[in-house]
2 protein chains.
Amino acid sequence: MPEFLDLHGKTSKALRALADGAMRRHGLHLGQNHLLAALWEQDGRTPGEIAAALNVTTPTVVKMATRMATAGLLTRRRDDRDNRLVRLWLTDAGRALQEPVEAERWAMEDHVLADLTPAERALLLAALTKVHRAATNLLTAPADT
Amino acid sequence: MPEFLDLHGKTSKALRALADGAMRRHGLHLGQNHLLAALWEQDGRTPGEIAAALNVTTPTVVKMATRMATAGLLTRRRDDRDNRLVRLWLTDAGRALQEPVEAERWAMEDHVLADLTPAERALLLAALTKVHRAATNLLTAPADT
DNA sequence: GCCGAATCGCTAGACGGCTAACGTCTCCAG
DNA sequence: CTGGAGACGTTAGCCGTCTAGCGATTCGGC
């Protein structure tokens, strides 16, 4: 079993579980914070825009938005000028989560990186960036294999 | 948006997509290779054992096993001595995938780490290990927060 | 001015993952 | 020897994610 892939997978799962618990404390499900973040950055975006920003597909955003609308975090409204478009708008409840959720996220990053020196953190980021780029390249250009 | 968590998330997603494509080439779905790996290591394990080995819950293994049994990769059989237990046994088809799938996985690791020097790889592994340990600790002991 | 092509959101359905609840089987204490 | 506690697998139902296919709207070429 490949060393790095195995370790990365485990780390990924642990971080996922950690984030899940953290978000659950604020009444959110895993991943919904990302959708909210996209709206915090700019309210009234369309599902397609958000999907592109989050690197997920449009149906994922649509489903999530439906649940979050039910939960009262945002509202759906069609664009006035282009009736194909739908825009998602934060409710007060959705806006109110920004500060605590972002704080939680930063705290999580701090805790998780607590044992690393600044130098180690820099190397980790650099290495992960390379891995990310390599993976992305392989995804878009599976020509060699 | 926290730097490391963000980067790790993106990398995770890219690696996931890459693995998905790779496994799909062998007729597997994402994650099924892990279940198979557990059986390649030792055939006839129980869902509970496998779940513990893969760091997932038992229902996850049960569902996956049901689909894989339908796909002809393994068979379910109750334990002779303890009728509560169920043991999963590889079929020839499931066994036949070991060599190509493991090769694919190693190739993927190689491609993804291609741009890193041995030193960088070592540091990456060390740093990720620390992160993993920190995350695991926070999961089992959320006492400080 | 109209009709086809492109764009966009949505639904349907599959899969991996989790929690909660249930049913069955073992096994030990009394 | 019997009954309750514990251990297991399974089912049900949710969420995030993906691919495929549908419906509606807009826009450009003729």
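Throughout, a chain's letter reflects where its sequence line sits, starting with A, and its residues are numbered from 1.
- Using a 4.0 Å heavy-atom cutoff across all strands shown, B:Thr66 reaches no nucleic acid atom at all.
- Near DNA chain D, meaning a heavy atom under 4.0 Å from it, residues 90-98 of chain A has no residue at all.
- Salt bridge A:Arg84/A:Asp79: absent, no basic N to carboxylate O contact under 4.0 Å.
- Salt bridge annotation for B:Arg16-B:Asp20: absent, with no cationic side-chain nitrogen under 4.0 angstrom from a carboxylate oxygen.
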Check step by step if side-chain contact (heavy atoms from CB on, under 4.5 Å) holds for A:Leu123 and B:Leu124.
-> CA-CA 7 Å; A:Leu123 288 170; B:Leu124 173 57; over 6 Å; no
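- We find that CZ of B:Arg87 is positioned 17 Å from P of D:dA7, with the value rounded to whole Å.
- Between the P atom of D:dT17 and the CG atom of B:Leu30 lies a distance of 13 Å, rounded to the nearest Å.
- Within the 4.5 Å cutoff, the side chain of B:Arg77 has no heavy atoms near those of the B:Val86 side chain.
- For B:Glu3 and A:Arg121, the salt-bridge test fails: no basic side-chain N is under 4.0 Å from an acidic carboxylate O.
- Distance alone, capped at 3.5 Å, places no donor-acceptor pair between the B:Thr46 side chain and the B:Arg87 backbone.
- With hydrogens and angles left out, the side-chain atoms of B:Thr66 and B:Arg76 include a donor and acceptor closer than 3.5 Å.
- Atom C1' of nucleotide D:dT11 and atom CZ of B:Arg67 are separated by 13 Å, given to the nearest angstrom.
- To the nearest angstrom, C1' of D:dG9 lies 14 Å from CG of B:Leu35.
- In B:Lys10, the NZ atom is not crowded: 12 or fewer heavy atoms of neighbouring residues, nucleotides or ligands sit closer than 6.0 Å.
- Looking only at side-chain heavy atoms (C-beta outward), A:Leu39 and A:Leu74 come within less than 4.5 Å of each other.
- Considering only the side chain of B:Val86, D:dG9 comes nearest among D:dG9, C:dG9, C:dC15.
- Within residues 48-64 of chain A, the residues having any heavy atom closer than 4.0 Å to DNA chain C are, in order of number, A:Gly48, A:Pro59, A:Val62, A:Lys63.
- Side-chain N/O atoms of A:Gln32 include none lying less than 4.0 angstrom from OP1 or OP2 on D:dC15.
- Listed by residue number, the members of residues 72-85 of chain B with any heavy atom below 4.0 angstrom from DNA chain D are B:Arg76, B:Arg84, B:Leu85.
- Taking atom CZ on B:Arg16 and atom P on D:dC18, their separation rounds to 9 Å, with Å as the unit.
- Side chain of A:Glu120 to main chain of B:Ala127: no donor-acceptor pair is present (N/O by atom type, distance under 3.5 Å, no hydrogens or angles).
- Remark: the backbone N or O of A:Gly94 is paired with a side-chain donor or acceptor of A:Trp40 at under 3.5 angstrom.
- In this structure, B:Arg45 atom CZ and D:dG9 atom P are separated by 13 Å, rounded to whole Å.
- One can place CZ of B:Arg24 at 12 Å from P of D:dC18, the figure rounded to the nearest angstrom.
- In this structure, the NE2 atom of A:His29 is 8 Å from the C1' atom of D:dC14, given to the nearest Å.
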